[in-house]
Amino acid sequence: MPIMQVDGYLLVPIQIDLDDRTVGRLQQQLLKEIERTRARAIILDVRMVEVIDSYISYTLSETAAMARLMGCRTVLCGIQPPVALTLAQMGVTLQEVAVARNLEHALVLAGSFQERDKGV
């Protein structure tokens, strides 16, 4: 899965459906990239993802918590209406994850985190 570095952020356009193995590999890859690049935020663009089940949402929350411990925030953007409906019906809450409407909104959120963190 491609991970691009853009202005201190890691941008991850997820263009395949996630399964347990793929999300586990993504988690490991992201943690290595956070350490290597010292990124301040991860932006996960899931607009092409049609299914996010409870395990995948748990793993994404766990990854965000790990990233936060490494000084990196996580933004999830582009959740499709059927995915949002399924997550809400399952009662899934994404811990340590900010949610944005689209990539532009995600970049604004990531920038606001960076500004807030500078003030601390």
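When reading the values below, keep in mind they use all heavy atoms of this one structure, side chains included, and skip hydrogens, waters and symmetry mates.
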Within the side chain of [X], is there an N or O that forms a donor-acceptor pair under 3.5 Å with the backbone of [Y]?
X: Tyr9; Y: Gly111; result: yes
X: Asp20; Y: Thr22; result: no
X: Glu96; Y: Ser61; result: no
X: Gln29; Y: Met1; result: yes

Practice task
Check whether more than 12 heavy atoms from other residues, nucleotides or ligands sit under 6.0 Å from atom CZ of Arg101, and answer yes or no.
Solution key: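 12 or below, so no.
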Exercise for the section: Determine, step by step, whether Leu60 and Val23 satisfy the side chain to side chain contact (heavy atoms under 4.5 Å, CB included) criterion, reporting the C-alpha distance in whole Å, the side-chain angles of both residues, the deciding distance to 0.1 Å, and the verdict. Expected result: CA-CA 8 Å; Leu60 292 175; Val23 78; 4.1 Å; yes
Exercise for the section: Output the distance between atom CD1 (Ile52) and atom CG (Leu76), rounded to the nearest 0.5 Å. Expected result: 6.0 Å
Completion exercise
Nearest heavy-atom approach of Ala106 to Ile43 is CB-CG2, 3.7 Å
Handout entry: Any Arg40 side-chain heavy atom under 4.5 Å of Arg73 side chain
Key =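 The answer is no, as the side chains (C-beta and beyond) never meet within the 4.5 Å cut-off.
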Handout entry: Met70 vs Leu31 side-chain heavy atoms within contact, under 4.5 Å
Key = yes
Handout entry: Residues Arg36, Glu33: salt bridge by 4.0 Å N-O rule
Key = yes
Exercise for the section: Answer yes or no: is there an ion pair linking Arg21 with Asp19, defined by an N-O contact shorter than 4.0 Å? Expected result: no
Handout entry: Polar contact flag, side-chain donor to acceptor under 3.5 angstrom, Gln27-Glu62
Key = yes
Problem - Criterion side chain to side chain contact (heavy atoms under 4.5 Å, CB included) on Ile42 and Val75, from CA distance to verdict - result: CA-CA 6 Å; Ile42 301 167; Val75 181; over 6 Å; no
